[in-house]
Amino acid sequence: MTSALWAALDGQFARFLDGNKELRCCFMGVLPIMAFLLPATIFLPVAHGQPAANQLTQIRHAYGQGVAPVYEGYDANPDGTFNMWFGYMNRNYEEDLDVPAGPDNRFEPGGDRGQPTHFSVRRHKDVFRVVVPADFGDQKLVWTLTAHGQTYQVAGTLNRVWMIDRKFTTRGGNIENITSNRPPVVSVEAPQQTITAPGPVTLAVSAIDDGLPKRQGKTIGMTIVWAKYRGPGAVAFDPARTKIVDGKALATATFSQPGDYTLQAVVDDGSGEVAGNFGYHCCWTNTEVKVTVRAGASQRIAPADSGPVTFSKDIAPIFQKSCQSCHRPGTAVPMSLTTYAEVRPWARAIRARVLKREMPPWHLDKTAGIRQYKNDISLSDDAVAKIVQWIDDGAPEGNPSDMSPPRKFASDKTWFIGEPDLIATTDKDFTMYPRGPDWWIDQYGELKLTEDRWIKAMEVKPTNPKVVHHSVVYVIEPDAPPGTPETGLQLTEYAVGKYGDTFAENTGRLLKAGTRLRFDMHYFATGKEERNGMMIAFKFYPKGFVPKYDVRSIAIRNIPNDELEVPPNSVVRTDGYFRLTRNARIDAFQPHMHMRGRGMTLEAINPDNTTTILSSVDHFDFNWHINYVYADEVAPLLPAGTVLHMIGIHDNTAANPRNPDPNMWAGFGERSVDDMVQVWLDIVYLDDTEFHRLVEERKAQTKSPTLSAAR
């Protein structure tokens, strides 16, 4: 257990412990007896008022990240010159990047040194070489790459510590050992190196190898992988990866647009990066072939832009879909966005909030973890770009006749979950004094339910949200079994900006007839006397229907609470762990922090010691406690023994606009000016038979091992 969890902890935390031997010893002693949760905090001091985005924990990004150039080392040529070998790490997991040779992809000295301009995802080793003269001496060869606004560079030298051998295996053999593995000898032919689009072009590969390495006495054999190296458009290879049979392999390449292309074939004998071995620099061979694609007669230049972006034609539909549910007459928000006259005065503010992804309120990092949610109200990248372009062009109204029909809304009492079957209210309103400390009090309400019903969705609302920090709702059942707390069992939670709970199909929560509700309330003063009552709305399954899955709302936090410490002028990371003792399906994810909260990531540490990012909120907003509901086809399926790992980030610096005072120490507390770190999860526990059935069903539906492992 100890070694498994230690191996699964992410690199930043491990490095922190490596540098603190006493703490690591204590920590490693605690791991074996960890039952459910484990706290850990890392303090990241920063200069007062300075942003600390680069100090956040590293997470897996599908896209949006840059490319790090890598200097692999050098070897010598018979004529005395040297090959300086370079590779790269595309830090994205799904996004290939194209960076043309030029200011964003350059060498110093030399500018264009034949480096790739297309970068496939993740790590690629010894991709190309730059030949330097024998008298290169102590000079440096610097490669700089800029993508997605992120610039990385690496300096290659001929310092002897960087010497490598690309001709012989230096592990398991040496140059005096005639059985030492050598790379394949490869040639590539493209009978038509100039073609007319759309192609395709045929690629023929011949390869000779020494028969090494061997596994169980048999030669592993050679594999070829094709990739675009340079070129203006996309290239589709068929097949992109295949075994070389009898020293031969054929493939075709099809091009999305005309231009000059360089294609690269990587032939691996079973010991290199294609085989998953990055331990040394032999034995695979990279070979390039150039192809020129000319425009065909049927190809035409894309039509010019159809005209300026206008409110009536382009922007109004976006606002109708994603903004007007809140921004319309009669709601509590400060402005309506239903007409051009209402929108135009707010144009610059809209631009800023949209670019920062503060509005609409959807604070997930879209490049990490699961990205399909039932209640996603976020704007696409295209929608954001269109809004920004419209405002930068002067926010023209356009032709009012282009406006789509106005969206119709019910009254302000509309519920996010839809028309409810039952609404319960507190027996009495509570009056909060105008000035004074925060106040915690219970309020009660009767359900007036005459028969048991299964809940399909539920939503809690205060009548006066200005004074309510949160409300946790408990059910006090008339026939509760012995040992049930007199204060009831937790049903759901409300915090500012929550949209309610909508359960997956055939999933629900039983609500018993005769149940009484307890609302655990947290109020704060606003400067004037305020009254508030609570409402909870339910949507039920049909009478007599019993859903297959029983869902529970569970909170994961760092334990004990007092371990949370956020010193002045610092960015702090805090970790919490929860071990699933049963198979589970996770249906929803809701971070809960206070004003210093900045981000939260939830990952699964799988029983095989791999980790899977489930969700990550990278710009938490205390005013919007959103319950992110996973789409059915991607809701995580996790086996018993999985450890859920919560990573919370607090920003107690002046760079945090919601921070009440960066010079104040903060820790756990119930007040808004204190802080917390926890995540609410909707969890369905599954027996082995049902769990394995769902996993196999998921695999069949998605044809993707990542979703069944997400698991």
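Scope of the values below: all heavy atoms of this structure, side chains included, with no hydrogens, waters or symmetry mates.
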### Task
For Thr612 and Asn606, run side-chain hydrogen bond (donor to acceptor under 3.5 Å, both in side chains): C-alpha distance rounded to whole Å, both residues' side-chain angles, the deciding distance at 0.1 Å, then the answer.
CA-CA 7 Å; Thr612 305; Asn606 304 309; 3.1 Å; yes
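- Closest non-hydrogen pair, Ala265 versus Val188, comes out as CB-CG2, 4.3 Å.
- Between the side chains of Thr117 and Asp98, no donor-acceptor pair is found at a separation under 3.5 Å.
- Proximity of Arg294 to Pro258: side-chain heavy atoms (C-beta onward) are nowhere separated by under 4.5 Å.
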### Task
Start with the C-alpha distance between Val154 and Tyr152, add both sets of side-chain angles, then the distance that settles side chain to side chain contact (heavy atoms under 4.5 Å, CB included), and finish with yes or no.
CA-CA 7 Å; Val154 67; Tyr152 301 94; over 6 Å; no
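- Without hydrogens or angle criteria, Arg122 side chain to Arg91 main chain gives a donor-acceptor distance under 3.5 Å.
- No donor-acceptor pair under 3.5 Å is formed between the side chain of Ser256 and the backbone N or O of Gly233.
- Atom NZ of Lys214 is surrounded by 12 or fewer heavy atoms from other residues, nucleotides or ligands within 6.0 Å.
- For the ring-ring contact (aromatic ring centres under 6.0 Å, His included) with His124, the qualifying choice from Trp284, Phe119, Tyr229, Tyr88 is Tyr88, the only one to do so.
- With respect to the salt-bridge test (charged N to carboxylate O, under 4.0 angstrom), the residues Arg129 and Asp75 do not qualify.
- Asn77 and Asp79 share no donor-acceptor pair across their side chains, judged by distance under 3.5 Å alone.
- Salt-bridge annotation for Glu72 and Arg123: present, with a side-chain N of the basic residue lying under 4.0 Å from a carboxylate O of the acidic one.
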### Message
Quick one, Tyr577 with Ile605, criterion side chain to side chain contact (heavy atoms under 4.5 Å, CB included). Give me CA distance, side-chain angles, the key distance, then yes/no.
### Response
CA-CA 10 Å; Tyr577 299 84; Ile605 303 175; 4.0 Å; yes
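- The closest donor-acceptor contact from the side chain of Thr146 to the backbone of Thr151 lies at 3.5 Å or more, if one exists at all.
- Under the 3.5 Å distance criterion, the side-chain polar atoms of Arg698 are matched with a main-chain donor or acceptor of Glu633.
- Side-chain N or O atoms of Lys228 include one that pairs as donor or acceptor with a backbone N or O of Gly231 at under 3.5 Å.
- Side-chain contact between Glu697 and Val695 is absent, with no heavy atoms from C-beta onward closer than 4.5 Å.
- The shortest heavy-atom contact between Asp210 and Leu212 is OD1-N, 3.0 Å.
- A distance of 9.0 Å separates CG in Leu637 from CD1 in Ile586, rounded to the nearest 0.5 Å.
- The two residues Gly64 and Gln150 make their nearest non-hydrogen contact at O-NE2, 3.2 Å.
- For the atom pair Ile164 CD1 and Tyr74 OH, the distance stands at 10.0 Å (nearest 0.5 Å).
- Side-chain contact of Asp608 with Thr610: a donor-acceptor pair under 3.5 Å is present, judged by distance alone.
- In this model, a donor atom of one side chain and an acceptor atom of the other lie less than 3.5 Å apart for Glu95 and His148.
- Thr81 and Pro133 get closest at one heavy-atom pair: CG2-CA, 4.2 Å.
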### Query
How far apart are the C-alpha atoms of Trp143 and Phe107, what are their side-chain angles, what is the distance that settles it, and do they pass the ring-ring contact (aromatic ring centres under 6.0 Å, His included) test?
CA-CA 5 Å; Trp143 186 20; Phe107 271 93; 5.5 Å; yes
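- For the pair Arg582 and Asp687, the salt-bridge criterion is not met [side-chain N within less than 4.0 Å of a carboxylate O].
- With a 4.5 Å cut-off on side-chain heavy atoms, Thr223 and Val267 do not count as touching.
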### Task
Check step by step if side chain to side chain contact (heavy atoms under 4.5 Å, CB included) holds for Thr581 and Arg579.
CA-CA 6 Å; Thr581 57; Arg579 184 176 181 271; 4.0 Å; yes
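- Counting heavy atoms from C-beta outward, Phe86 and Pro69 have side chains that stay 4.5 Å or more apart.
- The main-chain N or O of Pro639 is found under 3.5 Å from a side-chain atom of Thr642 such that the two form a donor-acceptor pair.
- Ring pair Tyr71/Trp162 is tilted by interplanar angle, where 30° to 60° counts as tilted.
- In this structure a side-chain-to-backbone donor-acceptor pair under 3.5 Å is present from Asp112 to Gly114.
- In summary, the side chains of His281 and Asp165 do not present any donor paired with an acceptor at a separation below 3.5 Å, with no hydrogens or angles considered.
- Between Glu108 and Arg113, no side-chain nitrogen of the basic residue sits less than 4.0 Å from a carboxylate oxygen of the acidic one, so the salt-bridge criterion is not met.
- Judged by distance alone, the side chain of Gln115 and the main-chain N or O of Asn105 form a donor-acceptor pair under 3.5 Å.
- The nearest pair of heavy atoms linking Asn583 to Ala640 is OD1-N, 2.9 Å.
- Put simply, the side chain of Leu686 reaches to within 4.5 Å of the side chain of Arg585, judged on heavy atoms.
- Note that CD1 of Ile224 is 11.0 Å distant from CG of Asp268, once rounded to the nearest 0.5 Å.
- The pair Arg166-Asp126 meets the salt-bridge criterion, since a charged nitrogen lies less than 4.0 angstrom from a carboxylate oxygen.
- Ring-plane geometry between Tyr261 and Phe255 is classed as tilted, the angle between the planes lying from 30 to 60 degrees on a 0 to 90 degree scale.
- Using a 4.5 Å cut-off on side-chain heavy atoms (C-beta onward), Leu638 and Leu644 make contact.
- In this structure the side chain of Val617 reaches within 4.5 angstrom of the side chain of Phe589, judged on heavy atoms.
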### Verdict with supporting geometry, Asp96 and Asn90, side-chain hydrogen bond (donor to acceptor under 3.5 Å, both in side chains)
CA-CA 8 Å; Asp96 289 358; Asn90 179 343; 4.8 Å; no
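- At most 12 heavy atoms of other shown residues, nucleotides or ligands fall within 6.0 angstrom of atom NZ in Lys218.
- Rounded to the nearest 0.5 angstrom, Asp238 CG and Leu203 CG are separated by 11.0 Å.
- Atoms CG and CE, on Asp365 and Met600 in that order, are 14.5 Å from each other to the nearest 0.5 Å.
- Residues Leu263 and Trp226 form a side-chain contact, since some pair of their non-hydrogen atoms from C-beta on lies under 4.5 Å apart.
- Under 3.5 Å, the side chains of Thr157 and Asp138 contain no donor-acceptor pair of N or O atoms.
- Between the side chain of Ser271 and the backbone N or O of Cys283, at least one donor-acceptor pair lies under 3.5 Å.
- Expressed to the nearest 0.5 Å, how far CD1 of Ile649 lies from OG1 of Thr601 amounts to 7.5 Å.
- Nearest heavy-atom pair across His645 and Ile647 is NE2-CG1, 3.4 Å.
- With hydrogens and angles left out, the side-chain atoms of Tyr630 and Ser615 include a donor and acceptor closer than 3.5 Å.
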### Query
Could you walk me through whether Tyr63 and Gln65 pass the side-chain hydrogen bond (donor to acceptor under 3.5 Å, both in side chains) check?
CA-CA 6 Å; Tyr63 55 90; Gln65 300 301 295; over 6 Å; no
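- Taking the charged nitrogens against the carboxylate oxygens, Asp104 and Arg106 have no contact shorter than 4.0 Å, which rules out a salt bridge.
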